[in-house]
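All of these numbers come straight from a predicted model, not from anything done at the bench.
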Amino acid sequence: MDPPAPATTDPGAATPAAQRSASGPRTRRALLGRLRRIEGQVRGIARMVDGDADCIEILTQVAAVTHALEAAALMLVDQHLRDCLQRGAATTLADEQTKQVEQALRAVERLLRT
């Protein structure tokens, strides 16, 4: 069996994916709350369709869900950018700083493509 890899002392070093998700507990709770409300809105839209509601009313609710999802996505991008900038600033390694900036840019690109 190989010995475990030595722990790194560089705070900007790559972290496991589980540590980079939706960041802190406050952000996670807020995001989950938003997603649960959105989930309820989508169920409401399904009930409206099933109940043969007016198309304009359904479209109004679809627009509301779309905006709510966009707000949730912005929350994630905001947190991701903050995390990337903090990790990049915490290291003196230029390659790691560049990597964090590129990762942040990819997150913004994904959001803008929607």
**Q** Looking at CD1 of I45 and OG1 of T60, how far apart are the two atoms once the value is rounded to the nearest 0.5 Å?
**A**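 Answer for the CD1-OG1 pair, I45 versus T60, is 10.0 Å.
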**Q** Which heavy atom in I58 sits nearest to a heavy atom in A53, and how many Å separate them?
**A**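 Looking at all heavy atoms of both residues, the shortest contact is CD1-O, 3.7 Å.
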**Q** Indicate if L81 and L112 have the same hydrophobic cluster label, given that clusters are the connected sets of ILVMFWY residues with side-chain heavy-atom separations under 4.5 angstrom.
**A**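 Same hydrophobic cluster.
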**Q** Does L69 belong to the same Ile/Leu/Val/Met/Phe/Trp/Tyr cluster as V62, with side-chain heavy atoms less than 4.5 Å apart forming each link?
**A** yes
**Q** Nearest 0.5 Å please: distance from the CZ atom of R47 over to the CD atom of Q61.
**A**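 Spacing of CZ (R47) from CD (Q61) equals 10.5 Å.
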**Q** To the nearest 0.5 Å, what is the distance between CD (E39) and CZ (R36)?
**A**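 Going from the CD atom of E39 to the CZ atom of R36 covers 8.5 Å.
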**Q** Does D78 come within less than 4.0 Å of R82, counting only side-chain N to carboxylate O?
**A**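 A salt bridge is present here (some side-chain N lies under 4.0 Å from a carboxylate O).
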**Q** Distance check, rounded to the nearest 0.5 Å: H67 atom NE2 versus L74 atom CG?
**A**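 Going from the NE2 atom of H67 to the CG atom of L74 covers 12.0 Å.
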**Q** Show the nearest heavy-atom pair for residues Q41 and V65, with the distance to one decimal.
**A**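 Where Q41 meets V65 most closely, the heavy atoms are CB-CG2, 3.5 Å.
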**Q** I need the L76 CG to Q79 CD distance, nearest 0.5 Å.
**A**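 Here the rounded value is 8.5 Å.
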**Q** Can you confirm whether D95 is buried at CG, in the sense that more than 12 heavy atoms of other residues, nucleotides or ligands lie under 6.0 Å from that atom?
**A** no
**Q** Looking at every non-hydrogen atom in both residues, tell me the closest pair between M75 and A30 and how far apart they are.
**A** CE-CB, 3.9 Å
**Q** Are L105 and V77 connected in the hydrophobic side-chain network, where two residues link if heavy atoms are under 4.5 Å apart?
**A** no
**Q** Starting from I38, can I reach L32 by hopping between I/L/V/M/F/W/Y residues whose side chains sit under 4.5 Å apart?
**A** no
